Amino acid sequence: MGRLSPAFVEWLMGLPDGHVTAVPGLSRSAQLKALGNGVVPQQAVAALRFLSPAALTTRTAA
């Protein structure tokens with residue numbers, strides 16, 4: 001059975017090469033922890049686009 005590669009997780013999340021894996025001094029487990037606690041940029045954009053109209057409507061109605 002293989003091991004999860006932090007570089008693969010970076011790619012899967014759509015992050016640039018080395019975004020986490022090129023940070024000096026981070027162990028493999030620390031890299032995976034940082035990636036696991038991170039936000040997928042494409043999902044964050046989708047959430048903001050979905051929530052922004054509701055926030056603007058609420059704000060202008062007040």
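Starting from 1, each residue takes its place in the sequence as its number. All of these numbers come straight from a predicted model, not from anything done at the bench.
His19 contributes atom NE2, which lies 12.0 Å from atom CD of Gln31 (distance to the nearest 0.5 angstrom). Distance CG/Leu32 to OG/Ser27: 8.5 Å, rounded to 0.5 Å.
Here the shortest heavy-atom pairing between Leu26 and Val20 reads CD1-O, 4.0 Å.
Between Arg3 and Arg28 the shortest side-chain heavy-atom distance falls below 4.5 Å.
By the 6.0 Å contact criterion, CG on Asp17 is open, its count of non-hydrogen atoms from other residues, nucleotides or ligands being 12 or less.
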Show the numbers, then the answer: is there a side-chain contact (heavy atoms from CB on, under 4.5 Å) between Leu15 and Val40?
CA-CA 8 Å; Leu15 298 171; Val40 176; over 6 Å; no
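Proximity of a side-chain donor or acceptor of Arg49 to a complementary backbone N or O of Ala44 within less than 3.5 Å is not detected.
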